[in-house]
Amino acid sequence: MITVPEQLPNVIDRALRTAYAEHTVTAVIVPFEQVAELVTRAQVADSVPCGSDVRG
């Protein structure tokens with residue numbers, strides 16, 4: 001289970017490697033709060049600064 005969004009890449013990598021090596025399934029539990037924070041960060045990163053001309 002992750003507790004901060006920065007852990008997600010390493011946790012996913014470890015889960016995939018474990019599943020592959022053990023020929024089994026793995027589960028990664030991501031609390032809603034962490035998902036919400038990741039989505040918020042992505043939206044902020046993709047947003048256009050106020051007053052910018054997006055038409056080119």
Side-chain angles (χ1 to χ4, degrees):
M1 183 167 106
I2 70 164
T3 55
V4 293
E6 291 78 17
Q7 291 177 312
L8 191 57
N10 289 333
V11 170
I12 296 294
D13 181 66
R14 185 173 181 181
L16 290 173
R17 290 175 186 272
T18 299
Y20 183 77
E22 301 291 327
H23 302 282
T24 189
V25 298
T26 56
V28 176
I29 300 169
V30 182
F32 176 77
E33 295 82 8
Q34 301 306 320
V35 172
E37 186 173 338
L38 287 169
V39 169
T40 302
R41 286 184 185 182
Q43 289 172 343
V44 169
D46 290 340
S47 67
V48 177
C50 189
S52 294
D53 187 4
V54 295
R55 293 172 285 172

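Since this is a predicted model, take the numbers as computed values, not measurements.
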Exercise: identify the closest heavy-atom pair between Thr26 and Ala15: OG1-O, 3.2 Å

For residues Val30 and Val35, report the shortest heavy-atom separation together with the two atoms involved. CG1-CG2, 3.4 Å

Quick one: OG1 on Thr3 to CG on Leu8, what's the gap to the nearest 0.5 Å? 11.0 Å

How many angstroms lie between atom CD1 of Ile12 and atom CD of Gln7, to the nearest 0.5 angstrom? 11.5 Å

Would Val28 end up clustered with Val39 when hydrophobic side chains under 4.5 Å apart are linked, directly or stepwise? yes

